[in-house]
Amino acid sequence: MKNKSKIDTKCVHGYDYRESTGAVSVPIYQSATFRHDSLDEGTGYSYSRLQNPTRQALEETMAALEGGADAIAFGTGLAAMTVLFECCLSPDDHIIATEDLYGGSIRLLRTIVQNNGVQVDFVDTSDIGAVDRAIKKNTKAVFVETPTNPMMSVTAISSVAQLTKKHGLKLIVDNTFLTPYFLQPLALGADIVVHSGTKFLGGHNDTLAGFLVLRDTNDAERMRYAAKTIGACLSPFDSWLLLRGIKTLAIRMERIQGNALEIAKFLAGHKRVSRVNYVGLPQCKGHDIINKEASGYGGMISFEVDSHKTVRSLLEKVELISFAESLGGVETLITFPSTQTHADVPEAERERRGITDRLMRLSVGIENISDLIEDLKRALE
Ligand SMILES: *Cc1c(COP(=O)(O)O)cnc(C)c1O
């Protein structure tokens, strides 16, 4: 049933859980351990680091949404990636990653992963030729984020997948920005999908979570083993919050996208705004690829204002919109990437990539669009 239904139905009914009391909402199994009746009899559950019924319902939902063989839930997105890199990469292996990656992912690759003896190269993966040229004898994986944070550069997943298949590499996609509601990387040829569940999936700026979704059952088995060994699993309560968040993913994403399009158009026509990066705008470089591979544009916008003075006054004057890090929730948030999310990127590299002291990033929420535009209009005056 769940495999045949449409994605918005899967958001609500993505798991097989049946409760003997008839409870419609999956209960929060706040239990660390599970009793066995005898040496040969068990319920399938023993200890919540390994399995927990609430987390299992969430994992089934994520596997159904992304079309994977299995999904594993973690305490954060970075915990998911740590387990992933631990499983995929050994000393002297090489990984290629999108250069305009989430700041925390860059930090993980540049410190823990590199310190383990893995070679890491950051390339512009929107340029397929550049990815091809970066492949070496010891390359094991290509890690793609699309659209990127904060420059909204778009990578054609199916083109990269042709390369990774040819060379026998794993293609990993961070699908945090578009979510399975708009983009399904496994169907386009990716092997593994990574998520920060903290963002659109949870959707309410109230909890941290992360996911790995695996196309291949062997990968799933190895990663489940690493997940239980490392112990970075999602708690029963946070699993429930994620399940609850995902139930409204479809309607939130539609509303967020509608608001984002209006805001992007408003910003593009404002005299203090010199550039708008939103993949829903036809003038955005990745627009055509998104139209081919995804079913929507999401809610992330970055834009450049005329001076750093405007940045300061905008951040001070917004009232409805909060000046805060993170993204993907029902509340509209504005951030300043160069000293917030991307502070760890060296200044010269930030400048080269366009992460200047005039660049702002918006995560559009579900508020009324005229209130949001009014807030921006007043704050930009
Ligand atoms: C936030 C984020 C992460 C990291 O996730 P956490 O849940 O904060 O650990 C990874 N990738 C992207 C694109 C993100 O936005």
Side-chain angles (χ1 to χ4, degrees), residues 58 62 66 71-86 95 97-113 122 125-126 143-155 157 172-183 185 190 192-213 227 230 232-235 238-239 241-242 245-246 253 256 260 277 279 286 294 297-302 324-329 331 333-337 340-345 353 355 361-365:
L58 171 64
M62 279 307 293
E66 290 282 6
I72 311 173
F74 295 86
T76 66
L78 282 169
M81 281 186 228
T82 302
V83 166
L84 168 71
F85 295 141
E86 188 61 38
I95 182 170
T98 304
E99 66 172 356
D100 188 33
L101 216 54
Y102 172 73
S105 311
I106 294 178
R107 189 170 55 228
L108 174 62
L109 286 166
R110 282 231 170 104
T111 58
I112 312 271
V113 173
F122 294 95
T125 53
S126 72
F143 180 43
V144 166
E145 192 177 312
T146 182
T148 62
N149 184 3
M151 298 313 290
M152 311 299 152
S153 155
V154 175
T155 294
I157 296 170
I172 306 158
V173 177
D174 183 332
N175 197 24
T176 301
F177 269 28
L178 288 181
T179 82
Y181 183 66
F182 285 139
L183 179 72
I192 299 166
V193 171
V194 187
H195 276 283
S196 170
T198 312
K199 315 294 168 55
F200 293 99
L201 295 170
H204 294 75
N205 287 322
D206 56 9
T207 187
L208 302 173
F211 295 98
L212 292 180
V213 190
I230 289 174
C233 56
L234 192 63
S235 76
D238 287 348
S239 296
L241 282 173
L242 260 289
I246 289 171
M253 292 313 284
I256 283 171
N277 306 305
V279 292
Y297 310 116
M300 299 303 299
I301 301 173
S302 66
E325 279 179 58
S326 201
L327 59 106
E331 296 91 0
L333 304 181
I334 191 163
T335 54
F336 180 54
Q340 290 192 303
T341 47
H342 288 66
D344 283 3
V345 179
R353 276 162 45 188
I355 312 171
R361 191 192 74 188
L362 268 177
S363 169
V364 177

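Just follow the structure's listing: the first ligand is 1, and inside any ligand the first atom is 1.
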Asker: For Asp238, give me all partners under salt bridge (charged side-chain N to carboxylate O under 4.0 Å, His left out), at least two apart in sequence or on another chain.
Answerer: none
Asker: Mind listing the N or O contacts between ligand 1 and protein, cut-off under 3.5 Å?
Answerer:
from: ligand 1; atom 1: 5 (O); to: Ser196; atom 2: OG; distance (Å): 3.0
from: ligand 1; atom 1: 7 (O); to: Gly77; atom 2: N; distance (Å): 2.9
from: ligand 1; atom 1: 7 (O); to: Ser196; atom 2: OG; distance (Å): 2.9
from: ligand 1; atom 1: 7 (O); to: Thr198; atom 2: OG1; distance (Å): 2.7
from: ligand 1; atom 1: 9 (O); to: Gly77; atom 2: N; distance (Å): 3.1
from: ligand 1; atom 1: 9 (O); to: Leu78; atom 2: N; distance (Å): 2.9
from: ligand 1; atom 1: 11 (N); to: Asp174; atom 2: OD2; distance (Å): 2.7
from: ligand 1; atom 1: 15 (O); to: Lys199; atom 2: NZ; distance (Å): 2.7

Asker: Between Phe200 and Tyr181, does the ring centroid distance fall short of 6.0 Å?
Answerer: no
Asker: Taking atom CD as the centre, does Glu331 end up with more than 12 heavy-atom neighbours from other residues, nucleotides or ligands that are less than 6.0 angstrom away?
Answerer: yes
Asker: Please identify each residue that fulfils side chain to side chain donor-acceptor pair (under 3.5 Å) with Thr179, with sequence neighbours left out.
Answerer: none
Asker: Sequence neighbours left out, what passes side chain to side chain donor-acceptor pair (under 3.5 Å) with Arg110? Give chain and number order.
Answerer: none
Asker: With the side chain counted from C-beta on, respond yes when Ile246 and Leu58 share a heavy-atom pair under 4.5 Å apart, and no when they do not.
Answerer: yes
